[in-house]
Amino acid sequence: MRYWLMKSEPDEASIDDLAHAPHRTLPWTGVRNYQARNFMRDTMRVGDGVLFYHSSCPEPGIAGLAHVSSTAYPDPTQFDSKSPYYDAKSTHENPRWMLVDVVFEKKCALIPLAALREHEALADMRVLAKGNRLSITPVTEAEWTFITNHLM
DNA sequence: GCCAACGTTGGC
DNA sequence: GCCAACGTTGGC
């Protein structure tokens with residue numbers, strides 16, 4: 001069992017969108033970064049915990065909890081020439097981009113980025129590291145426990 | 001809109 | 001394999 005922080009732009013997919021999706025589940029489409037893809041493809045397991053993070057928005061921060069609900073499979077948007085995530089170099093035989101499904105657990109009062117930075121226990125969180133741009137980052141069990149027990 | 005930081009591309 | 005140029009991310 002591992003833990004992750006996954007960034008989503010709420011204009012595209014917010015915690016409310018996840019809560020109201022069929023089966024409260026969304027495929028994590030649109031990741032086009034190899035490191036983030038590798039986490040989904042190689043390291044994530046069904047049941048892993050997910051901190052659902054809103055990024056590129058007026059109030060960036062953790063908006064709720066989810067968990068991984070599928071193993072990795074090809075991101076269908078890479079084959080869709082009308083999608084902004086279309087990748088002409090990817091083929092069905094050799095898909096470049098993989099994703100997992102994520103299922104809603106709960107919404108919480110938004111934990112702003114600035115609030116996360118206030119806690120010594122979270123000082124080493126990957127998402128808080130200077131210059132971090134990865135949309136999927138590992139979360140330690142200690143960080144997960146601190147956030148879910150003390151900030152939610 | 002700015003800009004720091006980082007990832008990718010492609011010429012050599 | 002190097003690295004300059006370019007594109008993207010994402011907080012502010």
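Order of the sequence lines sets the chain letters (A, B, ...), proteins ahead of strands, with each chain counted from 1. The figures here come from the full heavy-atom set of this structure, side chains too, leaving out hydrogens, waters and symmetry mates.
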Which side-chain N or O atoms in residues 145-152 of chain A pair as donor and acceptor under 3.5 Å with protein atoms at least two apart or in another chain?
| from | atom 1 | to | atom 2 | distance (Å) |
| --- | --- | --- | --- | --- |
| A:Thr145 | OG1 | A:Glu141 | O | 2.8 |
| A:Thr148 | OG1 | A:Trp144 | O | 2.8 |
| A:Thr148 | OG1 | A:Thr145 | O | 3.4 |

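- Legend: ring-ring contact (aromatic ring centres under 6.0 Å, His included) pairs involving residues 13-33 of chain A, not counting sequence neighbours, sorted by first then second residue: A:Trp28-A:Phe52.
- Checked against side-chain contact (heavy atoms from CB on, under 4.5 Å), A:Leu26 has the following partners two or more places apart in sequence or in another chain: A:Ala13, A:Leu18, A:Ala21.
- Taking the side chain to side chain donor-acceptor pair (under 3.5 Å) definition, one finds that A:Thr140 meets it with A:Glu143, sequence neighbours left out.
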Legend entry - Footprint string (nucleotides 2-12 of chain C, 5' to 3'): B base within contact, S backbone only, - free, heavy atoms under 4.0 Å: -----BBBBSS
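- In this structure A:Asp80 satisfies the side chain to side chain donor-acceptor pair (under 3.5 Å) test with no other residue, sequence neighbours excluded.
- Using a 4.0 Å cut-off between charged side-chain N and carboxylate O, A:Arg37 and A:Asp75 make no salt bridge.
- Near-neighbour residues of DNA chain C inside residues 78-101 of chain A, defined by a heavy atom below 4.0 Å, are absent.
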Residues 113-139 of chain A side chain polar contacts: donor-acceptor under 3.5 Å, at least two apart:
| from | atom 1 | to | atom 2 | distance (Å) |
| --- | --- | --- | --- | --- |
| A:Arg117 | NH1 | A:Leu128 | O | 3.0 |
| A:Asn132 | OD1 | A:Leu134 | N | 3.4 |

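- The salt bridge (Lys or Arg N to Asp or Glu O under 4.0 Å) search around A:Asp87 returns A:Arg96, not counting sequence neighbours.
- With sequence neighbours excluded, no residue satisfies side chain to side chain donor-acceptor pair (under 3.5 Å) with A:Lys7.
- Terminal axes of the helix from B:dG1-C:dC12 to B:dC12-C:dG1 (five pairs each, C1' rotation axis) are separated by 10°, to the nearest 10°.
- Residues that satisfy the side chain to side chain donor-acceptor pair (under 3.5 Å) test with A:Ser90, not counting sequence neighbours, are A:Gln78.
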